[in-house]
Protein chains: 2
Amino acid sequence: MAKQVSERADVLPLLGEVFREHGYEGASLARITAATGLGKGSLYHFFPGGKEEMAAAVLAEIDGWFEREIYAPLRDGADPAAAIDHMFAACDAYFRSGRRVCLVGAFALADTRDRFAVALRDYFAAWVAALAAALQRLGRTEIDAHAAAEAVVGAVQGAIVLARALGDTAVFTRLLGEARAAVTALV
Amino acid sequence: MAKQVSERADVLPLLGEVFREHGYEGASLARITAATGLGKGSLYHFFPGGKEEMAAAVLAEIDGWFEREIYAPLRDGADPAAAIDHMFAACDAYFRSGRRVCLVGAFALADTRDRFAVALRDYFAAWVAALAAALQRLGRTEIDAHAAAEAVVGAVQGAIVLARALGDTAVFTRLLGEARAAVTALV
DNA sequence: TAAAATATGTACCTATCGGTACAGATCGAG
DNA sequence: CTCGATCTGTACCGATAGGTACATATTTTA
């Protein structure tokens with residue numbers, strides 16, 4: 001019985017991928033075991049709360065990544081305009097031009113919405129608030145900045161849906177490009 | 001054993017609601033039975049292909065509704081501008097300001113994407129094409145019209161995700177209003 | 001190196017999954 | 001009224017779901 005060197009944090013990305021590809025209900029313990037290489041023993045040792053705790057941990061890890069990589073620069077970075085550019089580039093890379101689903105968005109459309117309501121709300125609220133802060137720092141009014149930020153975050157989610165349904169990554173890039181142009185034009 | 005008066009077409013809306021609320025995998029036969037009042041006998045009589053045929057029938061019914069109610073007026077209606085206005089109003093009503101999920105969009109984010117790939121692609125392709133046709137009839141170039149149509153359809157999907165995640169129908173109305181303003185401004 | 005804490009695999013549990021079989025009930029056509 | 005077609009409820013199927021129990025390994029600590 002070889003001891004696995006993996007930490008709890010190491011399995012979160014693998015876990016996230018399983019939830020992304022199969023959804024919460026479709027992510028069976030068998031699939032999770034196969035994807036992570038961890039047996040039920042290890043899994044329930046790391047996540048005593050079972051599947052629900054696994055999904056919550058994945059959501060928390062995602063939230064942490066976005067906070068570090070995207071929200072913080074928008075909110076506190078020296079150059080708001082550069083932070084916005086970085087956000088669009090990071091989104092294209094993270095969502096692989098629409099090939100990769102946004103787990104939070106997917107959970108929002110499924111009946112996981114209620115179970116993880118707080119995490120979902122916080123994720124999008126933080127994103128909109130951070131982007132709005134950057135836009136305000138560029139001279140926009142609070143109301144205008146908030147509305148524009150909502151539109152951009154919504155555009156990203158819509159672009160993922162469209163790109164996946166049409167099987168076309170170009171539409172993702174196109175929509176993000178338009179959103180970027182629209183939000184940077186008036187600055 | 002009382003004979004049910006329901007036709008196959010009558011159960012499709014109920015079926016659709018179950019898939020919308022619980023997703024494909026979450027829509028168990030038990031839930032379907034409870035929601036429709038039909039036992040397994042009747043269910044498999046109407047849909048010999050089981051769950052997959054039920055979902056396909058629901059998608060076809062949805063497609064038919066949008067074709068009749070939204071695409072046709074955009075494409076062939078006498079007044080393209082009025083058809084666009086009607087589209088936004090119909091979307092707000094149909095998706096109940098973001099309270100109700102778009103089944104096609106939800107399927108696109110789940111692993112049902114591959115199983116129903118053709119239906120999902122057709123739904124969005126038809127929507128974009130119809131809206132683009134209306135915009136062209138209002139004088140826009142083909143390329144410009146197509147890009148604008150994609151942006152609007154994407155905005156609707158993004159608005160649903162955001163509204164559900166934030167638990168706020170106002171953001172749906174706001175985003176659709178902005179999309180409507182943007183698309184009708186240059187006409 | 002002994003003991004305590006941390007991992008891990010396996011066997012097993014009950015509940016439910018989608019689907020099938022089929023006997024009855026109900027119906028319309030003649 | 002009869003007969004065949006159309007419905008519908010129930011019992012049942014094997015597979016799999018998430019989860020628990022626990023003995024066995026491995027590390028860490030003292």
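Since the model is a prediction, treat every value here as computed from it, not as a measurement. By convention in this document, chain letters (A, B, ...) are assigned in the order of the sequence lines, proteins followed by strands, and residues within each chain are numbered from 1.
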Restricting to pairs with a member in residues 148-168 of chain A, which pass side chain to side chain donor-acceptor pair (under 3.5 Å), not counting sequence neighbours? A/H146-A/E150, A/E150-B/R174

Start with the C-alpha gap between B/E178 and B/L175, add the side-chain angles, then the distance that decides, and say whether side chain to side chain contact (heavy atoms under 4.5 Å, CB included) holds. CA-CA 5 Å; B/E178 284 168 30; B/L175 287 179; 4.1 Å; yes

Partner residues of B/F19 under the ring pair (Phe, Tyr, Trp, His ring centres under 6.0 Å) criterion, sequence neighbours left out: B/Y24

Roughly what angle, to 10°, lies between the helix axis at the start of the helix from C/dT1-D/dA30 to C/dG30-D/dC1 and the one at its end, five pairs per end? 20°

When rounded to whole Å, the CG to P distance for the pair A/L38 and D/dG19 reads 16 Å

Which pairs, protein N/O on one side and nucleotides 3-5 of chain C N/O on the other, fall under 3.5 Å?
none

Using atom CD of B/E52 as one end and atom P of C/dG19 as the other, report the distance to the nearest whole Å. 9 Å

Residue pairs fulfilling salt bridge (Lys or Arg N to Asp or Glu O under 4.0 Å) with at least one residue in residues 81-93 of chain B, sequence neighbours excluded: B/D85-B/R180

Just to verify, what does A/R31 make a salt bridge (Lys or Arg N to Asp or Glu O under 4.0 Å) with, not counting sequence neighbours? none

What's the OH-C1' distance between B/Y44 and D/dT8, to the nearest Å? 15 Å

Non-hydrogen side-chain atoms of A/R8 and A/F47 separated by less than 4.5 Å: yes

Side chain of B/T173, backbone of B/T169: donor and acceptor closer than 3.5 Å? yes

For residues 63-80 of chain A, which residue pairs pass the salt bridge (Lys or Arg N to Asp or Glu O under 4.0 Å) check, not counting sequence neighbours? A/E67-A/R75

Within this structure, what is the CG-to-P distance between A/L43 and C/dT8, rounded to whole angstrom? 10 Å

Which of parallel (below 30°), tilted (30 to 60°) and perpendicular (above 60°) describes A/W127 and A/Y71? tilted

Just how far, in rounded Å, is C1' of C/dC17 from CE of B/M54? 13 Å

Holding to salt bridge (Lys or Arg N to Asp or Glu O under 4.0 Å), I want the full list of residues that pass it with A/R100, two or more places apart in sequence or in another chain. A/E17

Tell me every residue that passes salt bridge (Lys or Arg N to Asp or Glu O under 4.0 Å) with B/E142, counting only those two or more places apart in sequence or in another chain. none

Restricting to nitrogen or oxygen on both sides, can you table the protein-nucleotides 13-15 of chain D pairs closer than 3.5 Å?
none

Less than 4.0 angstrom between a side-chain N/O of B/H45 and OP1 or OP2 of D/dT8, yes or no? no

Would you find a donor on one side and an acceptor on the other, under 3.5 Å apart, between the side chain of A/T36 and the backbone of A/I32? yes

For side chain to side chain contact (heavy atoms under 4.5 Å, CB included), just list the numbers for B/V156 and B/Y94, CA-CA rounded to whole Å, side-chain angles, deciding distance to a tenth of an Å, and then say yes or no. CA-CA 12 Å; B/V156 172; B/Y94 185 85; over 6 Å; no

Atom pair distance, as rounded to whole Å: CD in B/E53 and P in C/dT20: 12 Å

Would you kindly give the CD-to-C1' distance between B/E7 and C/dC27, to the nearest whole Å? 13 Å

Return the value, rounded to whole Å, for the distance between atom CZ of A/R8 and atom P of C/dT6. 15 Å

If the condition is salt bridge (Lys or Arg N to Asp or Glu O under 4.0 Å), which residues does B/R115 pass it with, not counting sequence neighbours? B/E52

Which of residues 16-35 of chain A have a heavy atom under 4.0 Å from DNA chain D? A/A27, A/S28, A/L29, A/A30

